[in-house]
Protein chains: 2
Amino acid sequence: MAASLDTVFSALADPTRRAILAMLLEDDMAVTDVAEPFEMSLAAISKHLAVLSNAGLISQERRGRVKWCKLEPDALREASVWMQGFGMMDGLDLDAFERFLDAELADPSLLEEKE
Amino acid sequence: MAASLDTVFSALADPTRRAILAMLLEDDMAVTDVAEPFEMSLAAISKHLAVLSNAGLISQERRGRVKWCKLEPDALREASVWMQGFGMMDGLDLDAFERFLDAELADPSLLEEKE
DNA sequence: CGCATATTCAACCAACTGGTTGACATTCCT
DNA sequence: AGGAATGTCAACCAGTTGGTTGAATATGCG
């Protein structure tokens with residue numbers, strides 16, 4: 001898991017993958033369960049998970065038939081630090097973070113995210 | 001500039017574009033001067049700048065012959081907040097989040113000096 | 001005016017992405 | 001053993017990306 005800034009940012013640049021990460025924030029999940037809310041094939045989700053895993057953003061552990069997916073938030077650290085360098089967090093943006101948390105926890109199905 | 005998470009993260013997922021942003025951290029620059037350190041055509045840099053502009057990460061203002069590029073760090077805000085949501089969800093510890101941010105900001109590696 | 005400078009546009013290309021489908025390998029359950 | 005469930009693999013496809021080159025468009029200068 002080299003997890004360069006390239007791979008991390010590009011993994012994050014897809015709404016399906018960000019939704020998957022948000023789901024894994026709640027709990028570890030099996031691949032099939034991850035795929036369930038999405039209207040695409042299991043193979044497509046499997047590829048998305050491979051991208052996330054390659055970026056180090058999740059880990060996968062096979063147990064019997066089932067492959068469990070676990071969020072690895074540490075992989076966001078380097079990217080986060082890079083972004084902090086631009087100075088926009090000077091005011092400690094706790095308000096925005098709190099709003100984010102409320103929205104995230106109240107509505108875990110932010111799957112309907114659209115542009 | 002709509003600047004969705006998609007466009008912001010995908011704009012950041014390229015080392016040339018991240019390098020351009022870092023350069024603009026120092027000062028506003030003309031397109032030709034942005035292109036100078038890179039070993040690729042001016043047209044390629046022009047495209048990269050269009051991507052950054054479309055993501056809202058820079059603004060461009062034409063003055064005479066010269067188009068000036070200016071960093072717009074606010075565009076990173078939404079993405080940064082999104083990322084902050086990971087890693088400190090256990091117990092929703094806002095104090096921990098604050099300490100985390102302090103630590104990030106104190107990290108010398110991101111203070112190459114600004115402005 | 002005529003030329004250099006600054007930047008974009010258009011066409012093209014190879015490589016990558018995100019999706020599909022069908023076949024395949026494992027593992028669990030009777 | 002047989003069958004369903006869990007995932008991945010391979011081939012394929014359309015669309016996007018990141019780069020090139022050469023022409024085009026302004027703009028400034030003498």
Side-chain angles (χ1 to χ4, degrees), chain A residues 1-21 23-24 27-70 111-115, chain B residues 1-24 27-70:
Chain A
M1 324 335 184
S4 66
L5 285 178
D6 280 24
T7 57
V8 169
F9 279 130
S10 111
L12 294 178
D14 181 284
T16 301
R17 287 194 290 264
R18 287 197 307 277
I20 291 174
L21 291 178
M23 290 165 60
L24 292 177
D27 213 346
D28 298 359
M29 296 180 77
V31 173
T32 303
D33 296 328
V34 169
E36 194 271 335
F38 297 97
E39 285 177 355
M40 68 180 70
S41 69
L42 184 61
I45 296 293
S46 182
K47 282 193 191 179
H48 278 303
L49 290 171
V51 171
L52 290 171
S53 177
N54 191 52
L57 290 163
I58 68 169
S59 58
Q60 295 182 287
E61 183 202 358
R62 177 143 231 144
R63 223 142 53 211
R65 266 193 302 195
V66 174
K67 198 164 188 179
W68 292 92
C69 304
K70 182 176 184 306
L111 309 175
E112 282 79 9
E113 175 181 31
K114 46 208 149 219
E115 316 300 300
Chain B
M1 312 316 184
S4 65
L5 286 177
D6 280 25
T7 56
V8 169
F9 279 130
S10 115
L12 294 179
D14 181 284
T16 301
R17 287 193 292 263
R18 288 197 307 276
I20 290 174
L21 292 178
M23 290 165 60
L24 292 176
D27 213 343
D28 298 359
M29 295 179 79
V31 174
T32 303
D33 296 328
V34 169
E36 194 273 333
F38 296 97
E39 283 176 357
M40 68 181 69
S41 69
L42 185 59
I45 296 294
S46 183
K47 281 192 191 178
H48 278 304
L49 289 171
V51 171
L52 290 171
S53 177
N54 190 51
L57 289 164
I58 67 168
S59 59
Q60 295 182 287
E61 183 203 357
R62 177 141 231 148
R63 224 144 50 211
R65 271 190 300 194
V66 174
K67 199 167 189 179
W68 292 92
C69 305
K70 181 177 184 306

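Below, chains carry the letters A, B, ... as their sequence lines are ordered, and counting in each starts from 1. All values below come from the heavy atoms of this structure, side chains included, with hydrogens, waters and symmetry mates left out.
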**Asked** Does a nitrogen or oxygen in the side chain of Ser46(B) sit under 4.0 Å from OP1 or OP2 of dT7(C)?
**Response** no

**Message:** Can you tell me if Ser41(B) touches the phosphate of dT20(D), counting only side-chain N or O atoms and a distance under 4.0 Å to OP1 or OP2?
**Reply:**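 So the side chain of Ser41(B) is within the cut-off, an N or O lying under 4.0 Å from OP1 or OP2 of dT20(D).
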
**Asked** Which part of the nucleic acid, if any, lies within contact of Thr32(A), taking any heavy atom under 4.0 Å across all strands shown: a base, the sugar-phosphate backbone alone, or nothing?
**Response** sugar-phosphate

**Message:** Mind checking if Arg63(A) touches a base, just sugar-phosphate, or nothing, with heavy atoms under 4.0 Å?
**Reply:** nothing

**Asked** Are side-chain heavy atoms of Val31(B) and Gln60(B) found at a separation under 4.5 Å?
**Response** yes

**Asked** Under the 3.5 Å rule, do the base of dT26(C) and the side chain of Arg65(A) count as making a donor-acceptor pair?
**Response**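 A donor-acceptor contact between them is absent.
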
**Message:** Go nucleotide by nucleotide along DNA chain C from the 5' end; which of Lys47(B) and Val31(B) gets its closest nucleotide reached first?
**Reply:**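 Taking each residue's closest nucleotide, the earlier one in sequence belongs to Val31(B).
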
**Prompt:** Taking for each residue the nucleotide of DNA chain C with the nearest heavy atom, is it Ala43(A) or Arg62(A) whose nucleotide lies nearer the 5' end?
**Reply:** Ala43(A)

Can you measure [X] atom [atom1] to [N] atom [atom2] for me and round it to whole angstrom units?
X	N	atom1	atom2	result
Glu36(A)	dA5(D)	CD	C1'	15 Å
Asp14(A)	dG15(D)	CG	P	18 Å
Asn54(B)	dT17(D)	CG	P	10 Å
Leu42(B)	dG22(D)	CG	P	15 Å

**Request:** Go through the steps for Lys70(B) and Leu24(B) under the test side-chain contact (heavy atoms from CB on, under 4.5 Å), then give the verdict.
**Result:** CA-CA 6 Å; Lys70(B) 181 177 184 306; Leu24(B) 292 176; over 6 Å; no

**Prompt:** CG of Leu49(B) to CE of Met29(B): how many Å apart, nearest 0.5 Å?
**Reply:** 10.0 Å

